[in-house]
2 protein chains.
Amino acid sequence: MRKITIEDVAKAAGVSRALVSIAYRGVAGVSDKTREHIFAVGQKLGYVPNLNAARLASKGIKTIGVFLQDLHNEVFADVFDGIRKVIDEQEVQLVISVGSAEPGRDAKAIDTLIAARVDVIIAAGLTMSDSELQRYAKATTLISVTRKAHGVSSVSSDDYLGAKLATEHLIAGGHSRISFLANPQTDGYLGRQAGYLDAMATAGLPALVKESSYQRVQAEADALELLEQGKPTAIFAHNDLSALGVLDALVSTGLKPGADVAVVGYDNTSLSQTPVLALTTVDPHSFELGKTAAQLALKGLVGKLDGDDSVEFQPELVIRSSSMR
Amino acid sequence: MRKITIEDVAKAAGVSRALVSIAYRGVAGVSDKTREHIFAVGQKLGYVPNLNAARLASKGIKTIGVFLQDLHNEVFADVFDGIRKVIDEQEVQLVISVGSAEPGRDAKAIDTLIAARVDVIIAAGLTMSDSELQRYAKATTLISVTRKAHGVSSVSSDDYLGAKLATEHLIAGGHSRISFLANPQTDGYLGRQAGYLDAMATAGLPALVKESSYQRVQAEADALELLEQGKPTAIFAHNDLSALGVLDALVSTGLKPGADVAVVGYDNTSLSQTPVLALTTVDPHSFELGKTAAQLALKGLVGKLDGDDSVEFQPELVIRSSSMR
DNA sequence: TTGTAGGCGTTATCAT
DNA sequence: ATGATAACGCCTACAA
């Protein structure tokens with residue numbers, strides 16, 4: 001089962017390697033007749049062009065690398081859908097790399113993309129430090145989605161505003177003991193908490209923050225503690241996944257979401273949209289984020305992407321029953 | 001921002017390209033002193049070995065290609081976690097390729113892996129026809145997970161048994177009008193339905209099958225129809241995602257899961273494990289599936305993987321409140 | 001321990 | 001329209 005090469009096809013078809021290459025790349029320079037002949041032979045031999053060799057030899061093959069933080073969080077699936085939506089219509093390759101909870105893993109994942117010599121990197125959900133991100137952005141063409149930092153191109157949603165809207169919604173609902181279940185405090189992901197804090201301060205209400213993790217189970221445990229200690233009447237979680245953890249905590253405490261304790265998430269994942277959960281949340285427009293990032297990447301592929309070519313979306317509050325009595 | 005090569009590093013460090021190569025591959029043949037020197041220079045220049053060139057030149061670089069059907073279904077995230085768990089401890093590269101609902105997309109995704117010249121392919125959730133799968137398995141070293149077919153190595157769970165257990169559980173619960181919300185009827189994914197049918201036949205109960213899709217929203221619509229037409233007292237969905245759709249349908253009908261209509265899913269995704277949903281389901285041990293597939297892939301990397309080297313896991317029924325009154 | 005040189009499978013430039 | 005022939009960046013005997 002030896003790998004068959006372009007040379008094998010050329011020999012079998014009685015033409016030069018150059019012609020086979022031209023035929024398979026679909027560029028002009030072959031007669032219809034010989035092209036078909038070449039394809040016929042190639043097909044029979046089971047020939048598939050070696051992308052590694054092609055990438056090495058060609059400056060014409062465009063490929064963009066995509067980093068996704070976590071396959072368990074549907075937000076990234078949404079972003080990916082958006083990316084593919086626009087890339088699919090293009091003659092562009094995609095190389096994927098995924099992260100994980102493990103710290104330092106995302107740097108390694110980006111390195112893989114660089115080693116693969118992708119022309120542009122779209123990174124969704126980077127958790128590295130600002131300085132590290134900036135280093136990467138300087139050395140490569142990098143578009144950060146979901147996360148922004150000084151001097152790096154990014155596509156994001158205004159987390160501060162979204163969180164402010166969510167908090168104000170709860171305040172307007174008559175709640176005063178509103179708690180925020182925070183994500184790990186890393187660079188680039190402090191906007192939601194800031195929005196919450198400001199909204200609370202403005203209303204003259206005491207802030208009640210509890211730091212949690214990205215794991216739903218952990219969120220559940222933290223929410224349980226929160227319920228005992230702070231006795232909040234409303235909990236705003238940093239994302240839908242942890243909001244689900246809050247719902248879990250309520251259920252096991254016998255409390256009714258909405259009626260007893262209002263719950264709000266963030267991301268508007270398909271999960272929050274289900275009638276069963278009916279989770280009030282903030283929509284960052286993940287799919288659009290992905291599409292826009294891909295369009296920027298396309299720009300970076302040809303002309304140039306300015307050092308700091310960023311776009312920020314307006315998030316939207318989506319009210320469902322989890323925050324209504 | 002020119003790409004810097006091994007030659008640049010060699011020149012700057014005052015050594016030959018060979019030495020730089022040796023140093024970066026971490027093999028024996030360099031003095032500690034010069035290795036460190038080379039690394040220092042390389043670091044300063046921002047050198048990252050070109051994987052394309054490396055793969056082309058070397059037969060020693062092992063890489064495994066991973067295909068995942070759908071990022072929106074957490075099952076594949078679980079499988080992927082399992083794969084990475086064992087691969088991470090190895091000196092092996094991973095190339096990822098993802099599918100989508102669009103038919104014919106998975107073939108294209110596999111082609112990408114082949115073009116990248118991965119040594120082994122782990123494909124989770126292939127929906128192509130048996131014959132097409134068999135063609136691929138003949139031309140490459142392919143391990144199918146979740147899905148099995150004659151003559152192709154696979155790692156799967158006994159869907160027939162799992163579905164049988166689930167159905168028998170419902171029968172034992174006193175239900176007689178039990179409906180099965182089926183997945184699209186494609187090659188390789190008929191086991192669950194078969195298990196349901198046999199269990200029903202054995203009990204002398206009438207089968208009530210409704211074909212649905214892999215979309216949760218579609219499952220919800222189909223479940224609604226089902227509730228009106230067949231008046232089932234229990235619904236067994238082909239996976240957790242569509243079971244969630246069933247729960248949605250119940251909620252919007254004012255029916256209580258468990259109390260009014262029993263619901264059972266399949267996959268034991270983290271979703272079903274949440275106290276809020278508490279979905280009775282069947283655990284195919286997705287994480288283990290991924291681990292085992294990776295171990296087989298490792299075998300395929302070195303020695304040989306027999307044409308049909310398959311392993312099948314025993315699924316496990318996980319009873320939660322969605323199927324209890 | 002270090003350097004030399006040929007080859008990996010394509011692409012791309014120049015001829016023909 | 002077709003065919004030689006250098007790159008492309010790295011690996012790997014083989015020499016030194």
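Chain letters run A, B, ... following the sequence lines, proteins first and then strands; every chain starts at 1.
In the helix from C/dT1-D/dA16 to C/dT16-D/dA1, the end axes, each obtained as the rotation axis mapping the C1' atoms of four pairs onto the next four within a five-pair block, lie 30° apart to the nearest 10 degrees.
Minimum atom distance to the side chain of B/A54 is reached by D/dC10, of the listed D/dC10, C/dT11, D/dC8. Closest to the side chain of A/L19, from the set C/dT11, D/dG3, C/dG9, is D/dG3. Closest to the A/R17 side chain, of the nucleotides C/dT2, C/dT11, D/dG9, is C/dT11.
At a threshold of 4.0 angstrom between heavy atoms, the contacts of A/R55 with the nucleic acid are absent.
Between the A/D8 side chain and the A/T5 main chain, a donor and an acceptor come within less than 3.5 Å of each other. Side-chain N or O atoms of B/S153 include one that pairs as donor or acceptor with a backbone N or O of B/D309 at under 3.5 Å.
A close approach under 4.0 Å does not occur between any side-chain nitrogen or oxygen of B/S58 and OP1 or OP2 of D/dC10. For the OP1/OP2 pair of D/dT2 and a distance below 4.0 Å, the side-chain nitrogens and oxygens of A/S31 include at least one atom meeting the criterion. Note on B/Y24: every side-chain N or O is 4.0 Å or more away from OP1 and OP2 of D/dG9. OP1 or OP2 of C/dG3 sits under 4.0 Å from a side-chain N or O of B/S16. Contact annotation: B/S21 reaches the phosphate of D/dC11 (side-chain N/O to OP1 or OP2, under 4.0 Å). Phosphate proximity of D/dT2 to A/T34: present, with a side-chain N or O under 4.0 Å from OP1 or OP2.
For the pair A/I6 CD1 and C/dG9 C1', the interatomic distance rounds to 8 Å; values are reported in whole Å. Straight-line distance from the CG atom of A/N52 to the P atom of D/dC11: 13 Å, rounded to whole Å. A straight line from CG of B/L51 to C1' of D/dG9 spans 12 Å, rounded to a whole angstrom. One can place CD of A/E7 at 11 Å from P of D/dA4, the figure rounded to the nearest angstrom. At whole-Å resolution of the value, CD1 in A/I22 and C1' in C/dT10 are 12 Å apart. Separating the CD1 atom of B/I61 from the P atom of C/dG7 is a distance of 21 Å, rounded to the nearest angstrom. As a whole-Å value, the separation of B/R35 CZ from C/dT2 P is 10 Å. Here D/dC10 presents its P atom at 17 Å from NZ of B/K59, a figure rounded to the nearest Å.
A side-chain donor-acceptor contact under 3.5 Å links A/S310 and A/S154. If you check the side chains of A/H72 and B/D81, you find a donor sitting under 3.5 Å from an acceptor. Defined by atom type and a distance below 3.5 Å, a donor-acceptor pair is present between the side-chain atoms of A/S21 and A/R25.
If you find the closest nucleotide of DNA chain C to B/L56 and to A/R25, the one lying nearer the 5' end belongs to B/L56. Comparing B/V15 and B/R117, the nucleotide of DNA chain C nearest to each residue sits closer to the 5' end for B/V15.
Using a 4.0 Å cut-off between a side-chain N of Lys or Arg and a carboxylate O of Asp or Glu, B/D32 and B/R35 qualify as a salt bridge.
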Identify each donor-acceptor pair in which a side-chain atom of residues 122-130 of chain B lies under 3.5 Å from a protein atom, sequence neighbours left out, and give them as a table.
{"residue": "B/T127", "atom": "OG1", "partner": "B/D106", "partner atom": "OD2", "Å": "3.1"}
{"residue": "B/S129", "atom": "OG", "partner": "B/S131", "partner atom": "OG", "Å": "3.2"}
{"residue": "B/S129", "atom": "OG", "partner": "B/E132", "partner atom": "N", "Å": "3.2"}
{"residue": "B/D130", "atom": "OD1", "partner": "B/R147", "partner atom": "NH2", "Å": "2.6"}

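Using the six-membered ring where Trp is involved, A/H285 and A/F313 have ring planes that are tilted, between 30° and 60° apart.
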